[in-house]
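Report on the structure given below.
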Amino acid sequence: NTDDIDEEEEEDGDENDVEYDDEDAKGEVFGEPNRLKPQSREAQFRSEKLKMDSLLQRMQSGPVSVRVHDVIIKGNTKTKDHVIEAETEVLNNVGSMQELLKASQIVNLRLQALEIFDSVKITLDSGPPELPGTANVIIEVVETASPLSGQIGAYTKAEARSSTVEGSLKYKNFFGYGDLWDGSLAYGYDHSAELSAGVFLPRFKGLVTPVTARAYLLSQDWLKFSSYKERSMGLSLGLFSTPYHDLAYNLAWRTLTDPSQMSSRSIRRQLGHNLLSSLKYTFKFDRRNSTMRPTRGYAFVSTTQIGGLTPDSRSLRFLRQEFDLRYVVPLGFYHAALNFGVSGGVVFPWGNGFSSRPSSLPERFFLGGNISPVCALGGPTALWGFKTRGLGPTEPKRQVNNENADPSGVDFLGGDLAVTALADLSFDLPFRWFREKGIHAHVFACAGNVAKLTENEYRNISVQKFVESLRSSVGVGLVVPTSLFRMELNYCYILKKLDHDRAKTGVWLTFSAAS
């Protein structure tokens, strides 16, 4: 809306301007009311262009007051209106044209994130003539033409030193509530398997956060490292989820077995059935510019888990806390950056006589694995140069009368306290082709340790002993980041390890996905 038309243009006129007939100005013509002749296309275009230019100038000079009068939704034949309206609540708080444009972008991204629309188009239109300074927001959606989708692939899980074949099916918007239903099946070459099915509801019964539910059947093989197999059948329910906070409840029936009959005494005491009923809260923020190759920013993750929320005597009662802090310092040359990280965790049983009871085996901390600590954000997990479950407290396996049995075999028991630290210097190589592909080099160092606290072992540990038994390594390598994973070709040199630790100095090839 503008009247800022140049006076010279008004004086000069134009052959396309609206002209008034003298006879029409005096009264009616052919018995019809007096009216203006329609504008030509050129005149209409010129008028709209002047209005738009004036609006842009006003937006550059300051806020242009406007409020949303109505939100009009079109194209949703199956999706319920309230599902879309819930994502447009931000439009009700705008007070200027600048805020309206930003809010419209947010709404567009939120609707596309639902994964139930092939396209989303938002048009801003003027409000009713009797309500100046208002706008209507028209949202046009095109619902997905193929609600059923699937995928299959082979993946390498470096933390378990295994590969899996995975397949999944997903059905979108089955009931029209933006619901996503999926089922997946994964089978590993180490005989691990997982079968699961779940549903995601962006809005359920007026809740402000999404709700997720997932049933699963999981089998894991840890015979090679700790002489036991784990089978779990349970349900996971996401109760609260925001960009920074996540609250979930897990209920599972878990069984630990030892088909080899060679497990150590500590492992045998853990075999059998137990019930896992736990509440898990995660606080996370990540201000790094990249998870694959961070060059600036910081990140922090804190996870708190409490188990034993049922009165059943077989329910595992424990408290588990872990954290991970990262800070990246850009150096200003060759795209170089220095990445620092420190992480720690502790787990402890609770209840009568908790200090003399052992902690649950699957809830303990196990360090090592063929995975990059740069990508492992969430807690103490990996160290360069150390194999999966390759350090920490050990115990000799059961001796059997078998010529093929390894008399020096031990079980890695994990620990109740774990701490790791890393320093990673990444920089570009002086070759154009490598820089264009994102391939770069890095120099790194890491240290970590895991110790036992339960069964009154906390009396025998001190800060000095814990620091003196820290394992450490340094190295240099080549990094190839992709959109799916980070590949590293490293040469690792072990600075310190203990007798039963599984670590080696030499070349390592790792594949890591972003946490």
Side-chain angles (χ1 to χ4, degrees), residues 154-164 188-190 192 221-222 224-226 290-294 324 326 336-343 365-392 394 410 412 414 418-429 434 437-450 470-515:
Y155 305 92
T156 298
K157 295 185 177 181
E159 64 274 16
R161 294 188 63 190
S162 65
S163 298
T164 60
Y189 298 130
D190 59 349
S192 62
D221 188 346
W222 299 109
K224 187 185 301 182
F225 313 104
S226 303
S290 173
T291 56
M292 294 296 182
R293 186 191 178 183
D324 201 338
R326 302 295 175 90
L338 190 56
N339 189 350
F340 294 101
V342 58
S343 61
F365 295 96
F366 294 89
L367 298 186
N370 197 18
I371 185 174
S372 173
V374 175
C375 297
L377 178 66
T381 54
L383 291 175
W384 278 295
F386 287 81
K387 298 181 180 181
T388 301
R389 299 194 175 195
L391 68 153
T394 60
V410 296
F412 285 85
V419 176
T420 61
L422 70 94
D424 181 88
L425 173 62
S426 61
F427 52 91
D428 282 343
L429 295 170
F434 284 94
K437 302 298 182 182
I439 302 174
H440 60 279
H442 72 144
V443 179
F444 55 84
C446 66
N449 197 6
V450 60
L470 280 173
R471 284 74 156 179
S472 58
S473 65
V474 296
V476 62
L478 197 65
V479 182
V480 182
T482 69
S483 58
L484 299 178
F485 58 88
R486 168 185 169 117
M487 185 183 75
E488 295 183 8
L489 180 61
N490 299 323
Y491 178 82
C492 301
Y493 180 79
I494 305 300
L495 294 177
K496 185 176 182 179
K497 69 173 184 176
L498 300 186
D499 293 338
H500 293 293
D501 291 346
R502 295 175 180 175
K504 70 169 185 176
T505 295
V507 178
W508 289 73
L509 181 63
T510 67
F511 295 88
S512 307
S515 299

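What's counted below: heavy atoms across the whole structure, side chains too, no hydrogens, waters or symmetry copies.
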Per side-chain contact (heavy atoms from CB on, under 4.5 Å), V450 is matched among T420, V419, L367 by L367

Exam field: side chain T505 to backbone I494, donor-acceptor pair closer than 3.5 Å: yes

Taking the side chain as every heavy atom from C-beta outward, state whether V443 and V476 have any pair of such atoms under 4.5 Å apart. yes

Is D428 paired with R293 through a side-chain N to carboxylate O contact shorter than 4.0 Å? yes

What heavy-atom pair brings A418 and F365 nearest, and what distance separates the two atoms? CB-CB, 3.7 Å

Give a yes or no on this: more than 12 heavy atoms of other residues, nucleotides or ligands lie within 6.0 Å of atom OH of Y493. no

Do K387 and F225 have side chains that get closer than 4.5 Å, going by heavy atoms? no

Within the side chain of S512, is there an N or O that forms a donor-acceptor pair under 3.5 Å with the backbone of S372? yes

Given the side-chain rings of F511 and F485, with only the six-membered ring counted for Trp, is the space between their centroids under 6.0 Å? yes

Walk me through whether L429 and L478 qualify under side-chain contact (heavy atoms from CB on, under 4.5 Å). CA-CA 10 Å; L429 295 170; L478 197 65; 3.5 Å; yes

Is there a donor-acceptor pair closer than 3.5 Å between any side-chain N or O of S226 and the backbone N or O of F412? yes

Test side-chain contact (heavy atoms from CB on, under 4.5 Å) on L422 and R326 and set out the steps. CA-CA 9 Å; L422 70 94; R326 302 295 175 90; 4.0 Å; yes

Specify the closest pair of heavy atoms between R502 and V410, including all atoms of both residues, with the distance to one decimal. NH2-O, 4.1 Å

Report the C-alpha distance between F366 and T388 in whole Å, list the side-chain angles of each, state the deciding distance to 0.1 Å, and finish with yes or no for side-chain contact (heavy atoms from CB on, under 4.5 Å). CA-CA 8 Å; F366 294 89; T388 301; over 6 Å; no

side-chain contact (heavy atoms from CB on, under 4.5 Å), that's the test. Do W384 and D424 meet it? Break it down for me. CA-CA 11 Å; W384 278 295; D424 181 88; 3.9 Å; yes

